[in-house]
Engineer: 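One structure follows; several queries about it will come next.
Reminder, nothing fancy here: chain letters follow the sequence lines and each chain counts from 1. The shown structure was predicted, so the numbers you read here are calculated from the model rather than taken from an experiment.
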Amino acid sequence: LRSLAGWLNTPVDPASLAVFRIVFGLCTLMGVLRYTLYGWVDLLYVQPELFLPWGPLLWSGADRWLPGPGSWVYGLYVLLGLSSVGMVLGAYWRLSVGTFFVVFTGLELLDRTNYLNHYYLVSLLALLLFFMPADAEWSVHGRRRALPLWNLLLLRFQLGVVYFYAGVAKLDPDWLAGHPLDIWLSTHSSRPVVGPWLASSWLPPLMAISGCLYDLCVPFLLAHPRTRAGAYALVLVFHAAVGLLFNIGAFPFLMIGLTPIFFSPSWPRRWLGGAPPEPVPSGGPPLALLGLWVALQLLLPLRHALWAGDVVWTEEGGDLAWRVLRVEKRGHFRYRLHDPQTGERWMLWPKDDLTERQRHQASFHPEMILQYAHVLRDRLREQGHPAVRVYCDAWVSVNGAPATRLVDPDVDLGAEPRWSWSRRPWILPRE
Amino acid sequence: MLLWTWLACSGGPEGLFDKGLMLRSTVDEVMAPAHQELATSVSALDQALVALCAQRDAASLEAAQTSWLAAKVPLKNIEAWGFGPYRLVNIDVPHNVDKWPARADAIEAAIEAAPQSIDVAYIASLDPLTRVKGVPAVGYLLWSEVPLDDRRCEYLLAVSQEMRPYVDAYVESWGAGGYGEQLATAGQGSSAYPTDQDAVTALVSGMLTALGEIVSMKLGGPLGLGTGGTPGESESPHAGSSLQDVLSALDGVEGVYAGAETSLQDYVRSREAEGRVDAAVIAALQDARAAVSAVPSPLEDAVLSSPEAVQAAVDAVDAVSVVINGDMSTLLGVNPTAVEGDND
């Protein structure tokens, strides 16, 4: 254990971490600008009538005290922009990265319909960077110093986890047969030159298998010095292709820009010059915390195995698991409410409360369907219907298959618990 | 790499569906005729109203009522492509032409409060949200039990004249070189639709919006689905033609799906050789039409006497949304809810 600690604490050049910090800050700044200039802050945080907060907030009941949608979010985006600039410059490092982490993660937790795997990655990386001296080189405020090797190893591990589990999620007969890639690629059939090939029947399974192999292997290829350069070339090709074909925003830039952390700690000096700082004695690595983090990251993506059922269908344990670009789902849902005391009945579609994006995301996600059922239940209770029951008709189609019921239409969702550690029995199996 | 090369050389491009042709056909053969019919029928309605006010007899009234019912057909058809100019600020058909239902009390009050000579300027000054103008108000006045006197005729003609520029602007906006061209040339220089997939998404989204309006407003409103069972307002209560409005709106949806020589239906078939999704869409549309047709007319009575028939119609129309929003959209890779922002 002592030799492991010694190895993890080996002082290394902070140059690659500094570049990581700058690229990370530039990507988050790009994200802030995109959200503001494209009107997405308004769309996602101002226009909605209500938020559907993330699960644990429901479990703890904290959602009752959360602020609702409003233009106040613009203030947080100013903070995100300033903290991103701070990260790029290495100015007030801990304050910048800490502020970014808290604000960005808080916004993500506010409404789970906004959840994206790569936003989760951004939150994790910001949290890790908070504990690292990423301002130790090329920064306006930081003190030049070497950094312990575990800093780089942890970031490499984190990126590797993303790739590896994205590959694990693709080990599925449907994916390997080319679904839903066949659907996605065919939408580009009118593109010049490559269009006809994108609509062919042989390409989707080929790309599906290639993508799966890439995801599973690339972290290991990047880790090995002899295969690293080739693996990085694959990273460039893969993310460029994905970025061109799919609407995934800053993710390709993020991964292309951050993956060089796998190279030698001094790789930037080949272009930027300068000598590494002298090593200075530092404390031992936080072995227990590192171990805990690694274990958590290895186990969390597999937690869907705790619930019986098909994660693609039930979504139970499907988030925080790097199931990136994995499935094409569409849903349609409506609610039937009944007050047995007065005999009154309602049938409601969520279009009045939820934005198109919220409806789309909630339509195939049982937990969000439940959340909105509770919104309706509470509203009717306030209107003098304390015994109101809420039923949902929800149909979901996966990869072009016939839409089938997702939720038991005879279960009163208003009586179901907001948060559950066990499988929800009212989620019907995929037909 | 060798595998890639071999596969790329061994398997040539397969028969590609021409989405551009489908969009062009849909614009030229479904939308343009409906727009033309709208312009013609609204003009005919205007003339019938002038004739009615010139000679207020039963025959003129019947002719005007027939013209009104004829104008409602394309007005409901176009709801299936209620994007683009349809809700553009200076046109806004639902707001300026078709804010339904007409409110009898408000119209009577507006006539009462009108200046000595009722003109277009007075009608333009009235808030559309008060439901006192547009096609629905004309319908109210034509079927009102109160006889058409000079003052009501002035109001009727002014309402008709006030809404016509909006109809003309809408039709013109889709005309030569207009929005129809933007849709038809999607992915080929269209500024509104950078890719043909964007245009397909708009078509599907338009169909779903129209279907959603049928279930929640045209049928669900009168049935009281949003109010715990208390019947709400229907679309054309005075003419008793609310169910015809529903059928015309369904016609619009069906027209977008299968009304052109090369249609969305052909695109669906091209994506799935077995034809299951197409069969499901067609069956759902037929079921919806049958269920709506099975509701005893008028709708205002049916919600009280046969609520189960109206509910069956709601369910049948909603089932069309299930198929289009589910099976068809995933098959075509269409995101009908236009999710903006990043994805992964």
Side-chain angles (χ1 to χ4, degrees), chain A residues 31 34-35 38 40 43-44 114 116-119 180 183-184 186-190 195-197 199-203 206 210 246-251 324-325 328-332 334 339 342-349 351 356-357 359-361 363 393 395-403, chain B residues 3-4 7-8 10-20 186-188 195-197 200 205 208 212 215-216 220 223-230 271-272 276-277 280 311 314-315 318-319 321-344:
Chain A
R34 276 160 56 84
Y35 261 67
Y38 288 162
W40 295 344
L43 184 80
L44 303 184
N114 298 331
L116 291 178
N117 287 293
H118 72 267
Y119 292 168
I183 293 169
W184 294 336
S186 71
T187 64
H188 299 282
S189 62
S190 303
W197 302 104
S200 65
S201 60
W202 54 266
L203 190 62
L206 187 65
S210 306
F246 307 114
N247 175 26
I248 52 172
F251 185 61
V324 185
L325 280 177
E328 180 74 5
K329 288 170 87 172
R330 293 280 178 276
H332 182 79
R334 67 183 190 186
D339 183 344
T342 64
E344 289 172 278
R345 291 178 185 276
W346 296 259
M347 181 175 281
L348 302 169
W349 288 262
K351 68 184 173 64
E356 287 185 346
R357 182 183 171 97
R359 286 205 303 276
H360 168 73
Q361 298 292 340
S363 66
D393 297 311
W395 295 269
V396 173
S397 172
V398 179
N399 294 343
Chain B
L3 179 67
W4 270 85
L7 280 165
S10 62
E14 292 164 9
L16 283 180
F17 181 79
D18 189 343
K19 283 188 266 185
Q188 299 164 31
T195 70
D196 50 17
Q197 189 70 10
V200 175
S205 182
L208 287 170
V215 293
S216 65
L223 191 56
L225 293 182
T227 56
T230 307
R271 295 286 301 120
E272 192 208 34
R276 184 196 58 77
V277 174
Q311 182 64 58
V314 167
D315 292 341
D318 210 28
S321 292
V322 171
V323 179
I324 291 179
N325 202 10
D327 311 23
M328 190 176 111
S329 294
T330 53
L331 180 71
L332 302 184
V334 163
N335 188 343
T337 47
V339 174
E340 290 190 64
D342 295 342
N343 294 284
D344 72 11

Engineer: Given the options A:T187, A:V396, A:D339, A:T342, which has more heavy-atom pairs under 4.5 Å with chain B than any of the others?
Structural biologist: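 That would be A:T187.
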
Engineer: Between B:E272 and B:V277 (side chain of the first, backbone of the second, donor and acceptor by atom type, cut-off under 3.5 Å), is there such a pair?
Structural biologist: yes

Engineer: Under 4.5 Å heavy-atom distance to chain A, tell me which part of B:V215 shows up: side chain, backbone, both or neither.
Structural biologist: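 Contact with chain A is through both the backbone and side chain of B:V215.
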
Engineer: For residues B:N325 and A:G331, report the shortest heavy-atom separation together with the two atoms involved.
Structural biologist: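 So the two residues come closest at ND2-O, 3.0 Å.
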
Engineer: Name the option with the most non-hydrogen atom pairs under 4.5 Å to chain A; the candidates are B:G187, B:S321, B:G212.
Structural biologist: B:S321

Engineer: Under 4.5 Å, counting heavy-atom pairs only, tell me which of B:T227, B:L223, B:T195 racks up the most with chain A.
Structural biologist: B:T227

Engineer: So for A:W349, is it side chain, backbone, both, or neither that comes closer than 4.5 Å to the heavy atoms of chain B?
Structural biologist: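 Side chain only.
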
Engineer: Walk me through whether A:W197 and A:H188 qualify under side chain to side chain contact (heavy atoms under 4.5 Å, CB included).
Structural biologist: CA-CA 10 Å; A:W197 302 104; A:H188 299 282; over 6 Å; no

Engineer: Could you tell me whether the side chain of B:I324 reaches within less than 4.5 Å of the side chain of A:H332, counting heavy atoms only?
Structural biologist: no

Engineer: So which of A:G343, A:G195, A:P402 has the biggest tally of heavy-atom pairs under 4.5 Å with chain B?
Structural biologist: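 Heavy-atom pair counts peak at A:P402.
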
Engineer: If I measure from the heavy atoms of chain A, does B:Q311 come under 4.5 Å with its side chain, its backbone, both, or neither?
Structural biologist: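 For B:Q311, the contact with chain A is made by the side chain alone.
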
Engineer: Answer with side chain, backbone, both or neither: which region of A:K351 has an atom nearer than 4.5 Å to a non-hydrogen atom of chain B?
Structural biologist: side chain

Engineer: Please report the shortest heavy-atom distance between A:S190 and B:K19, naming the atom on each side.
Structural biologist: OG-CE, 3.9 Å

Engineer: Using a cut-off of under 4.5 Å for heavy-atom pairs, which of B:D318, B:L332, B:L331 has the most such pairs with chain A?
Structural biologist: B:D318

Engineer: How long is the straight-line distance from CZ of A:F251 back to CG of A:L325, given to the nearest 0.5 Å?
Structural biologist: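 So the CG of A:L325 and the CZ of A:F251 are separated by 8.5 Å.
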
Engineer: Looking only at heavy atoms, which two atoms of A:H118 and A:I248 are closest? And how far apart?
Structural biologist: CE1-O, 3.5 Å

